[in-house]
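Letters A, B, ... mirror the listed sequences (proteins, then strands); counts begin at 1. Quick caveat: nothing in here was measured; it's all calculated off a predicted structure.
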Amino acid sequence: MSKKTHVTATLNGETVEFLCEPRHSLLEVLRDTLQMTGAKEGCNNGNCGACTVMLNGRPVNSCLVLGVEAEGATLETVEGIASHAHLHPIQQCFLEGAALQCGICTPGFLIAAKALLEQNPNPSEHEIRFKLANNLCRCTGYDKIVKAVQAAALELQKAAP
Amino acid sequence: MPVVFIPTPMRDLTGGEATVTVEGEFVRDVIDALDRRYPGIKDRLCRGDALVPGLQVCIDDTMTRRGLNARLAPQSEVHFLPPIGGG
Amino acid sequence: MAHTEELYLGKKSYNVIGTRPIRHDGADKVTGKAVYTSDLHLPNLAHGKILRSPHAHARIKSIDVSEALQVPGVFAVVTHDDFPDLENKVANLGEAGMVNLLELGANCLAKGKVLYKGHAVAAVAAASTHVAEEAVLKIKVEYEVLPSVTWVLDAMAPTAPILHENLRTDFMGKKEDKPTNVALHLQFEKGNIAEGFQSADVIVEREFKTASVHQGYIEPHVTVALWNEDSRLKIWTSTQGSFVCRQQVAELLGIAVSQCVVVPCEIGGGFGGKIAVYLEPVAALLSRKCGRPVKMSMQRNEVFEGTGPTPGSFMRVKIGAKKDGTLVAGEAWLAYDCGGFPGGVIGPGCMCVFSCYEFPNAKVDGFDVLNNKPHTQAYRAPGATQAAFACEQVIDELAAKLNIDPIEFRLKNAAKEGTRRVDGPVYPRVGFIECLEAAKNSPHWKTPLTGKNRGRGIAAGFWFNIGCASSCSASVNDDGRVTLVEGSTDIGGSRTSIAMQLAETLGIGAHDVQPQVADTDSVGYTFLTGGSRVTFATGLAAYQLGLDLQGQMKQRAAEIWGCGADTIKVENGNYSHNGHTLSFKQLAAKVAENGLPPVVGRASVAPEGSTNAFGVHIADVEVDPETGKVTVLRYTSVQDAGKAIHPSYVEGQLQGGAVQGIGWALNEEYFYDDKNQMRNASFLDYRMPTCLDVPMIETIIVEVPNPTHPYGVRGVGETPIVAPPATIANAVHAATGCRMTSLPISPPVLWKAISTKA
Ligand code: FES
Ligand code: FES
């Protein structure tokens, strides 16, 4: 067992500190050390997107990031999307549009969709499909996920000043 | 009387008959009656006091899990089929 | 003649059923709060890891665990020898079928021989996953490598390496006498096929093959077991059926079922692959040895190599028809592999191959064949998709030869009430004709497809409904809301479809019912989530529970009003007598105010299984002749749902099944090298569809009520995957003129077919 490193980061707006071994992935740190289990593990090698989190404003597969790389970083996970007891419009649209069945892929899709809409508030269907192609869903066939993101885009545009 | 549909591989015992009409209120009775007429068929259908593991009884269009204890109507058809599970 | 009693109420309008409320567990699942098994953290938790076979087939000469036990942080090691003696006993897992315990145990931890690469051999529990991973590498296993076989026809050959020396073919009760890999030979016959084919004007015969594919659930298998000093075993796990899991574990460990409680956590997909146990008994053994809770989870390559897949197959199908399009004879020869242990899905394959049509004469032979792959498991309508891939292409070809529109051809021969199936039984009321009509009238079918290299295909599919036992209970709160406790693990929104049926029965709102999926100590026996049964059977239990609650509410109202319970009228949740009326909520409040006994209800049911739901799919594809890549341009899935309780989730089943089927059709396969090792055990190389690979999936829900359910529900979960590979293949044929008889229709295969045709 190698020596642990002390890491400080911002997670969903709060400062967190943790010790981690060099071999620990950010996903392991989030789930096992910080017990933020919203991000899921589907493959542990960068091919399913269930572990997607925001790292300094960009969506990443947290299974491919080392815990030590989070030093000084700003992280956002699915636990940080809703605010003040209110669901974010993307979450609301996923629920209203039945865009989840088993729900294991949902945290990853929500983060990826939020990142997409922050970057491109009015994406075409193709742009949505292109940007969400990092995330696998085995249950829904994607139809309702894409439609939920389209609905969320409209909601967010309505809400924008 | 109930009509028993004989699974194809067992028709060597029934002289090629595909369906046999026998008396019986329960599947168990029907099998006993069959075995009296075509000795050996019970051995193929049952193990101990139950159907062999690879078979399920279907009465008319209903796949029943009651096996030998399933009750028959006077005009029931009795089929022996592989069990259906599912995903 | 129907055997089961008619339960359909024939209601013309509903308050709750058919609406689209937000699912009850929705907020948990979009905020990351829902607890899946791997989210559990227990005090003093140990982490387990499995050592797996590097060989496809080998005898285990010895296992030496001593070095592994020396690794600091290692708590325990187990092998097959830690199981109690498992005689050759067959456990009746209810409708999960009969399971040979010796084989189930030998699949969880190999006994004497490894039968596929990835077969579990030993397991370690340690302070962390990393330590456990290091320790399993220190276990020394001496193997004698044996010749292996993975292609089903090779495995049937007389010279094939034999997996189980004592196995003999079972020909429906008749045992053959030679060692073989053919575990089972099934046969069905109807009419006389020789005469049938003689009377045919056109005959088409083709051979087909399909590769093994995996269910592909995104959540890997994961379990936590705690074997307490008082010998109570508690298991938290990702399973499709907590009671079925409990039974398997108890039988394997030789304990009473009541000694074991299984807590179903949220489950990240199953599709049939999370019924058999893999990790649960192993984690339990480790826990008993080390006195701590033990968590085990698989990595993705372990999921591919150690669990799942659905059979690879070889099929020959021959069908004859008259000039006017009447089918006169069909013959099918199906060989499905079952992996390392007997008991695959050839039975339903044989029962489904000709299930969509009226065949006066037909014969089906089916073979369950052992080979060096993981033991196959159910995957949505197990066995039916392969069979439909074969049959529906032959049907397509016949229609073309006879110059008859493919929908008209199917309509002419469609199975309907009264049709005698090839396997014997006669269909009750089914909705295949209605589905074909809906497809014919769909916007998709009515819009002509134009453009180069494009083609449209259509195909049909069928699956059963297995019925089986379900239980639930409920209590009425003072505020009129009802707490529902049920036992069906919720994989796709079933809490809500069950709660809605209770709400409908009681005349209250969908969100006036709060459903909860309980552990095996807290609810009556409930069979697994699968077999298209939950909305049907647990829904039926919820309906009866509603009647029970309603009866008690009437009694309470009678006490309040001082009248006879039978004089109280109930309509839309309002209880009235002699000019007094109380709503359900008002009455619930009065029960508490008046100190009357609380209203607590329960129901348990065990409906029988039946034939069930048909589907018809339409696909438009475009083929790139340069690369052989197929793009799906448009896709429509039509299915008879009986009655759609929550239409969004019915659509979701249709859409999800279609996309899984598209993956099966175009990309997914277990790719074996010459040592019979799987070479693509990752999501990168085992290509499941992403959202960029598919279009929107249009759905048409047909509702031909199921006579055996009060609201007419048919199960919908499995039929959606049956038709897609055939549909895509028929579309590819229309686009290219190439009849693709093997799955997957991957770019290199199709490119080759196009190039050699030209
Ligand atoms: S778990 Fe990180 S991409 Fe799959
Ligand atoms: S909802 Fe199950 S994987 Fe997406």
Output the option from C:His646, C:Glu668, C:Glu698 having the highest count of non-hydrogen pairs under 4.5 Å with chain A. C:Glu668
Do the side-chain N and O atoms of C:Thr307 and C:His214 include a donor-acceptor pair separated by under 3.5 angstrom? yes
Step by step, would you call C:Ile491 with C:Lys274 a side-chain contact (heavy atoms from CB on, under 4.5 Å)? CA-CA 11 Å; C:Ile491 316 185; C:Lys274 289 184 181 163; over 6 Å; no
Using non-hydrogen atoms and a limit below 4.5 Å, what part of residues 145-158 of chain A faces chain C? A:Val146, A:Lys147, A:Gln150
Under 4.5 Å from any heavy atom of chain A, what part of C:Ala658 do you find: side chain, backbone, both or neither? neither
C:Gln240 (side chain) donor-acceptor with C:Thr529 (main chain) under 3.5 angstrom: yes
Would you say the side-chain atoms of C:Gln299 and A:Glu41 include a donor-acceptor pair closer than 3.5 Å? yes
Can you say whether C:Gln660 sits under 4.5 Å from chain A via the side chain, the backbone, both, or neither, judging by heavy atoms? both
Do you know which of C:Glu219, C:Arg20, C:Met688 has the most heavy-atom pairs with chain A at a distance under 4.5 angstrom? C:Met688
Measuring heavy-atom distances to chain A, does C:Gln653 have an atom under 4.5 Å in its side chain, in its backbone, in both, or in neither? both
Please state whether the rings of C:Tyr686 and C:Phe304 are parallel, tilted or perpendicular, taking 30° and 60° as the class boundaries. tilted
Are C:Arg495 and C:Glu266 within salt-bridge range, i.e. N to O under 4.0 Å? yes
Side-chain donor-acceptor pair under 3.5 Å between A:Thr77 and A:Asn12, yes or no? yes
Assert top hit (heavy-atom pairs under 4.5 Å, partner chain A, pool C:Thr31, C:Leu692, C:Val659, C:Asp39) equals C:Asp39
Applying side-chain contact (heavy atoms from CB on, under 4.5 Å), run through C:Tyr635 and C:Val694 and close with a yes or a no. CA-CA 9 Å; C:Tyr635 202 99; C:Val694 289; over 6 Å; no
Can you check whether anything in residues 89-116 of chain A gets within less than 4.5 Å of chain C, heavy-atom wise, and list it by number? A:Gln91, A:Gln92, A:Phe94, A:Leu95, A:Glu96, A:Ala98, A:Leu100, A:Gln101, A:Cys102, A:Gly103, A:Ile104, A:Thr106, A:Leu110
Only pairs of heavy atoms separated by less than 4.5 Å count here; which of A:Gln35, A:Glu79, A:Arg31 has the most with chain C? A:Arg31
Most contacts with chain A, counted as non-hydrogen pairs under 4.5 angstrom, among C:Ala27, C:Gly270, C:Gly32: C:Gly32
In terms of heavy-atom pairs under 4.5 Å, which option from C:Gly663, C:Gly657, C:Gly493, C:Gly216 contacts chain A the most? C:Gly216
Any idea which heavy atoms bring C:Gln377 and C:Gly272 closest together, and the distance? CB-O, 4.1 Å
Face-on cation placement of A:Lys40 at C:Tyr36 ring, 6.0 Å and 45° thresholds: no
Given that the side chain runs from C-beta out, which part of C:Pro21 has a heavy atom under 4.5 Å from chain A: side chain, backbone, both or neither? neither
Look at the side chain of C:Asn301 and the backbone N and O of C:Val303, then say whether any donor-acceptor pair between them is shorter than 3.5 Å. no
Identify the residues of residues 47-65 of chain A whose heavy atoms come closer than 4.5 Å to a heavy atom of chain C, ordered by number, or report 'none'. A:Asn47, A:Cys48, A:Ala50
Could you look at A:Asn134 and say if it's the side chain, the backbone, both or neither that has a heavy atom under 4.5 Å from chain C? neither
Chain A shares the most heavy-atom pairs under 4.5 Å, among C:Val222, C:Ile267, C:Thr699, with C:Ile267
Are side-chain N/O atoms of C:His617 and C:Thr727 paired as donor and acceptor at under 3.5 Å? no
Those residues at least two apart in sequence (or on a different chain) that pass side-chain contact (heavy atoms from CB on, under 4.5 Å) with A:Leu66 are A:Val68, A:Glu69
